[in-house]
Amino acid sequence: MTEPLVQVRDLRVHFPLRRGTLTGPRPVVRAVDGVSFDVHRGETLALVGESGCGKSTTGRATLRLTEATHGSIRFDGAELTGLRGRRLRAARRRMQMVFQDPYSSLDPRMRVGAAIREPLTIHGLADGAAATARVGELLDAVGLPRAAADRYPHEFSGGQRQRIAIARAIAVEPSFLVCDEPISALDVSVQAQVVNLFEDLQERFGLTYLFIAHDLAVVRHIAHRVAVMYLGQIVETLSRDDLYERPLHPYTKSLISAVPRPNPVEERSRERIILTGDVPSPANPPTGCRFHTRCPFARDRCRTEAPPLTPATGGHEVACHYWTDLGPSAPPIDLKEHP
Ligand code: SF4
């Protein structure tokens, strides 16, 4: 494994609520609450979990698009927290974001060529004929015709617009992309094409991805490692294959148990771990293990003592007091059987 390009330690993003009680302290939403992870060079780390678990806020805070309340973010050996002005802009050039909705991330009044050219100008990387040539190269790289430069975003399909947004993101030659559910707004028929594009670009330009997703089938294709989030915290990190074959944390197991098996025999014998209750509010998370209100295996200790994320078998890190008792998930899923 290479030296990490990105190292995040004890990241917290707390948003104060507007109104509190008259006497008590102002309540806060603990959107991200003590998250640590590494992303290695050329690697794709997928961040998965239910909607509202803090995945997107973690991605935005890693790029300093949302200010962290606490923690350390190191990029290529340099601390990002505390950077301001020109030094922050220079660091940001190497870290870009691809958003879920490509239409909202593109100015509808700006031609595609101008949209891709804009970051080149802002960062002083190219102008004039050199910038025009670079726009052509970028359109080639994302599989769009060069003539697209003269058209407007609304003239393209959702998948093509995401390609334009990707061309704009890689225009400044970043090393690291945070991809925030970049295919979930696209038609299923084009999702695989855009996933393939991300993979091609990673190989070609040596890109490193933090890939935020809730669709585990997508994660299976693109991720090298996976971090599973629940209520603002990472509860397990593991390899892509182990996500399907050997999850250790009860929450990870429940996510995997919800994935339909393509093999009808396996599908009939699939054991679902059904979680009861709603996800608690991040403004008032449960004491102890945050998952204890929904965990089918919770015991007394879980209600009072928070389990730290610690190294576990198979290179996993897991935050559960009883992972050794619970063992790996059964039955494993045969990845070759998946479409
Ligand atoms: Fe479940 Fe307890 Fe493990 Fe939390 S620590 S995941 S409540 S068994």
Side-chain angles (χ1 to χ4, degrees), residues 8-14 28-38 45-55 57-58 70-71 212-216 219-220 223 225-259 270-333:
V8 173
R9 293 292 177 270
D10 199 14
L11 182 71
R12 296 180 217 165
V13 184
H14 295 175
V28 294
V29 173
R30 299 167 185 273
V32 179
D33 207 20
V35 160
S36 300
F37 60 87
D38 292 341
L45 175 69
L47 204 50
V48 305
E50 288 164 295
S51 173
C53 69
K55 309 183 294 285
T57 308
T58 299
H70 175 90
I212 297 165
H214 67 268
D215 182 343
L216 296 179
V219 169
R220 190 186 76 231
R225 285 190 308 124
V226 182
V228 182
M229 279 191 82
Y230 182 79
L231 208 56
Q233 297 182 330
I234 291 178
V235 297
E236 185 165 7
T237 61
L238 66 176
S239 71
R240 181 269 307 266
D241 290 347
D242 277 359
L243 175 68
Y244 286 90
E245 295 181 6
R246 279 175 290 277
L248 295 177
H249 193 281
Y251 179 59
T252 315
K253 292 179 185 185
S254 75
L255 293 179
I256 292 304
S257 80
V259 178
R270 174 163 62 109
E271 274 182 45
R272 289 288 312 270
I273 299 176
I274 308 285
L275 298 182
T276 54
D278 296 328
V279 181
S281 165
N284 187 22
T287 55
C289 174
R290 290 188 177 186
F291 188 52
H292 85 251
T293 55
R294 302 174 77 201
C295 180
F297 310 104
R299 304 174 200 181
D300 285 347
R301 181 186 178 195
C302 307
R303 292 177 239 288
T304 55
E305 195 181 324
L309 191 67
T310 47
T313 186
H316 296 213
E317 291 177 302
V318 64
C320 171
H321 296 307
Y322 299 110
W323 69 267
T324 47
D325 301 356
L326 303 177
S329 177
I333 300 171

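All ligand and atom numbering here is 1-based and tracks the order in the structure.
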Leaving out waters, which are not shown anyway, how many protein N, O or S atoms lie closer than 2.8 Å to atom 3 (Fe) of ligand 1?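 Considering protein N, O and S only, atom 3 (Fe) of ligand 1 has 1 within range.
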Please confirm whether the ring centroid of H249 lies under 6.0 Å from the ring centroid of F291.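 Yes: the rings meet the under 6.0 Å criterion.
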Do any pairs count as a salt bridge (Lys or Arg N to Asp or Glu O under 4.0 Å) and have a residue in residues 306-320, sequence neighbours left out, and if so which ones?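 For residues 306-320, and leaving out neighbouring residues, there are no salt bridge (Lys or Arg N to Asp or Glu O under 4.0 Å) pairs at all.
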How far apart are the C-alpha atoms of L243 and I256, what are their side-chain angles, what is the distance that settles it, and do they pass the side chain to side chain contact (heavy atoms under 4.5 Å, CB included) test? CA-CA 8 Å; L243 175 68; I256 292 304; 3.7 Å; yes
Could you work out, with ring pair (Phe, Tyr, Trp, His ring centres under 6.0 Å) as the rule, every residue matching H292, not counting sequence neighbours?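 Here no residue qualifies.
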Tell me, please, which residues at least two apart from E50 pass side-chain hydrogen bond (donor to acceptor under 3.5 Å, both in side chains).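 Per chain and number, E50 pairs via side-chain hydrogen bond (donor to acceptor under 3.5 Å, both in side chains) with Y251, R294.
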Using the side chain to side chain contact (heavy atoms under 4.5 Å, CB included) definition, which of the options V35, T58, V32 pairs with V13?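 Of the listed residues V35, T58, V32, the side chain to side chain contact (heavy atoms under 4.5 Å, CB included) partner of V13 is V32.
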